[in-house]
Amino acid sequence: MRLLSLPAALALLLLAAAPAHAAWSPPIPLATPGNQSSVMGLAVDTDDRPAVLLSDYRPRRARLTLRRTDKLGRPGRPVTVARSINSIGGEGLFAGRGGDLVAGWLEIVNGSRRPVVATGPRLADRQVLAPGPRSTQFMDMVGNRRGDAVVAFWRYAPANQYSIFTAYRRAGGRFGAAQQLATGLVGDPAVAIDERGAAVVSWTDNAGVSVAERPTAAATFSAPIAIASPARPNGGAGVAIENGRVIVSWALVPRSGPNAVLVAERPAAAQPFAAPVPVSVPGITGPRQAPVVVLSAGRALVAWTQRTAGVDRATLAIRPKGGTWQAPIVRGAGATVRRVGLLGPAGARPPLLSMVTDRRGLQTATIRDDGTLAPSRRLDLGPGGGWFPVLAQGETHSWLATNRNLGSSRKPRFQAVLFRSTP
């Protein structure tokens with residue numbers, strides 16, 4: 001057995017102790033510049049190989065394509081998943097075991113916009129989940145690393161109302177029939193699923209927030225649980241689930257009284273939700289988007305955008321395992337922050353906060369174990385690039401796919417690209 005020298009052993013020790021998210025690789029092109037391709041989804045399988053769902057549209061010719069890559073992000077040949085004479089709106093791509101994939105999008109089918117899902121290694125098994133005449137305007141989808149997935153969608157209903165439906169897929173199978181959860185003046189749904197396959201759907205209405213759950217072994221979603229809000233919610237709600245614990249978050253912008261971001265928590269299965277509590281500080285303006293929520297290893301993360309000192313900034317609230325909500329962290333990113341996102345941890349990879357800005361494109365920051373944010377990392381995407389980044393977590397790398405502009409703001413030439421975390 002060969003022994004390492006002391007300097008070599010120290011080098012390995014320092015490498016192991018280095019930050020798990022130091023920087024991003026140079027961009028890996030997924031399409032030729034100016035071909036009007038947009039990133040619609042990104043997934044990483046258990047072998048740490050990404051797959052990217054791309055959409056391109058020209059008049060009366062839209063197409064969804066799938067590109068798998070190797071562990072270094074080098075893309076293979078594209079596979080056509082869907083074609084249409086109308087634009088196609090992608091909603092997500094998720095990877096399970098053994099190369100299994102799940103994707104969802106909105107597409108005009110028989111004259112109205114419908115939610116469509118596809119499964120399998122090449123996304124060849126396609127299902128239209130709402131075959132009725134009414135149009136679907138919003139869809140949310142999520143999957144776990146085993147391959148279970150849940151989708152929820154918002155569509156028009158009679159009498160100037162709206163309905164929320166959901167459908168569930170066990171790993172390796174097809175989606176079941178869509179189940180109606182609510183009808184009325186309801187907002188866009190948000191979905192979450194844990195690694196055991198338990199799923200939740202949340203949405204807002206004039207009175208507060210509702211949450212419907214499908215436990216791991218259940219055949220359908222339970223009746224929704226209503227959570228009263230002290231004022232009418234502003235926008236949608238974010239939700240997360242882990243081992244029976246559920247956290248839901250929403251924003252208030254009331255006509256009178258302070259703006260706030262609220263969180264309601266159910267600590268375990270079969271227990272009631274506690275009364276909502278604010279996680280934002282008094283005096284905020286906004287929020288500018290619905291909160292996004294991550295729950296992992298007992299730690300809860302909630303992120304949103306808010307206006308502070310006349311500038312929209314990224315804001316992150318953390319509740320450590322067994323602890324209470326800490327004072328929120330505000331990150332300015334050197335420019336107005338338009339959107340934020342959260343990427344949960346996986347394996348040795350830490351969670352990430354993403355920030356879309358108006359002048360400097362896209363930045364990310366690692367969320368450390370001690371509840372602090374590492375310095376922001378900027379991705380140079382050109383003017384107008386990176387507005388809708390998609391992030392996914394692998395066992396050894398984090399991945400990010402988005403569009404960069406190789407031209408100018410007046411004459412853009414967008415290109416779909418992929419980034420890999422380094423080291």
Keeping [X] on the side-chain end and [Y] on the backbone end, is there a donor-acceptor pair under 3.5 Å?
X: Arg68; Y: Gly99; result: yes
X: Arg67; Y: Leu30; result: yes
X: Asp148; Y: Arg170; result: no
X: Gln289; Y: Val340; result: yes
X: Asp194; Y: Asn243; result: yes
X: Thr216; Y: Gly197; result: no
X: Ser229; Y: Arg232; result: no
X: Tyr168; Y: Gln179; result: no
X: Thr357; Y: Gly361; result: yes

**OP:** Show your reasoning for whether side chain to side chain contact (heavy atoms under 4.5 Å, CB included) applies to Val239 and Val293.
**Re:** CA-CA 6 Å; Val239 68; Val293 185; 6.0 Å; no
Is the closest side-chain heavy-atom distance between [X] and [Y] below 4.5 Å?
X: Leu53; Y: Leu123; value: yes
X: Asp140; Y: Asp188; value: no
X: Leu400; Y: Leu362; value: yes
X: Met141; Y: Val102; value: yes
X: Ile88; Y: Val116; value: no
X: Pro75; Y: Ile28; value: yes
X: Ile193; Y: Val191; value: no
X: Phe94; Y: Val142; value: yes

With rounding to the nearest 0.5 Å, note down the distance linking [atom1] in [X] to [atom2] in [Y].
X: Gln363; Y: Met355; atom1: CD; atom2: CE; value: 5.5 Å
X: Asp47; Y: Asp70; atom1: CG; atom2: CG; value: 12.0 Å
X: Leu391; Y: Leu42; atom1: CG; atom2: CG; value: 7.5 Å
X: Arg122; Y: Thr80; atom1: CZ; atom2: OG1; value: 9.5 Å
X: Gln137; Y: Arg155; atom1: CD; atom2: CZ; value: 10.5 Å
X: Ser87; Y: Trp105; atom1: OG; atom2: CH2; value: 14.0 Å

[X] versus [Y], closest heavy-atom pair with distance:
X: Ser280; Y: Pro328; result: CA-CG, 4.4 Å
X: Pro350; Y: Gln393; result: O-NE2, 3.1 Å
X: Glu242; Y: Ala297; result: OE2-N, 2.7 Å
X: Pro351; Y: Arg299; result: CG-NH2, 3.5 Å
X: Arg196; Y: Gly244; result: NH2-N, 3.7 Å
X: Gly386; Y: Val356; result: O-CG2, 3.7 Å

Original post:
Can you say whether the rings of Phe419 and Trp24 are parallel (under 30°), tilted (30 to 60°) or perpendicular (over 60°)?
Top reply: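 Ring orientation of Phe419 relative to Trp24: perpendicular.
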**OP:** Could you go through the side chain to side chain contact (heavy atoms under 4.5 Å, CB included) check for Arg404 and Leu406 one step at a time?
**Re:** CA-CA 6 Å; Arg404 66 171 175 173; Leu406 300 178; 3.6 Å; yes
**OP:** Start with the C-alpha gap between Arg114 and Glu107, add the side-chain angles, then the distance that decides, and say whether side chain to side chain contact (heavy atoms under 4.5 Å, CB included) holds.
**Re:** CA-CA 6 Å; Arg114 314 286 175 84; Glu107 180 183 348; over 6 Å; no
Charged N to carboxylate O under 4.0 angstrom, [X] versus [Y]?
X: Arg368; Y: Asp370; value: no
X: Asp48; Y: Lys71; value: no
X: Arg245; Y: Glu265; value: yes
X: Arg169; Y: Asp100; value: yes

Original post:
Cut-off 3.5 Å, side chains only: do Ser421 and Arg349 have a donor facing an acceptor?
Top reply: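 The answer is yes; a qualifying pair exists.
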**OP:** For Ser354 and Thr364, test the side chains for any donor-to-acceptor distance below 3.5 angstrom and give the result as yes or no.
**Re:**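 There is no such pair between these side chains.
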**OP:** Verify side chain to side chain contact (heavy atoms under 4.5 Å, CB included) between Val117 and Thr119, making sure each step is shown before the conclusion.
**Re:** CA-CA 7 Å; Val117 292; Thr119 54; 5.7 Å; no
Original post:
Name the one of Gln306, Arg339, Arg307 that satisfies side-chain hydrogen bond (donor to acceptor under 3.5 Å, both in side chains) with Asp312?
Top reply: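 When side-chain hydrogen bond (donor to acceptor under 3.5 Å, both in side chains) is applied between Asp312 and each of Gln306, Arg339, Arg307, only Arg307 qualifies.
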Original post:
Hey, which of Tyr162, Trp203, Phe138 is the one that makes ring pair (Phe, Tyr, Trp, His ring centres under 6.0 Å) with Trp154?
Top reply: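 Going through Tyr162, Trp203, Phe138 one by one, the ring pair (Phe, Tyr, Trp, His ring centres under 6.0 Å) with Trp154 is satisfied by Tyr162 alone.
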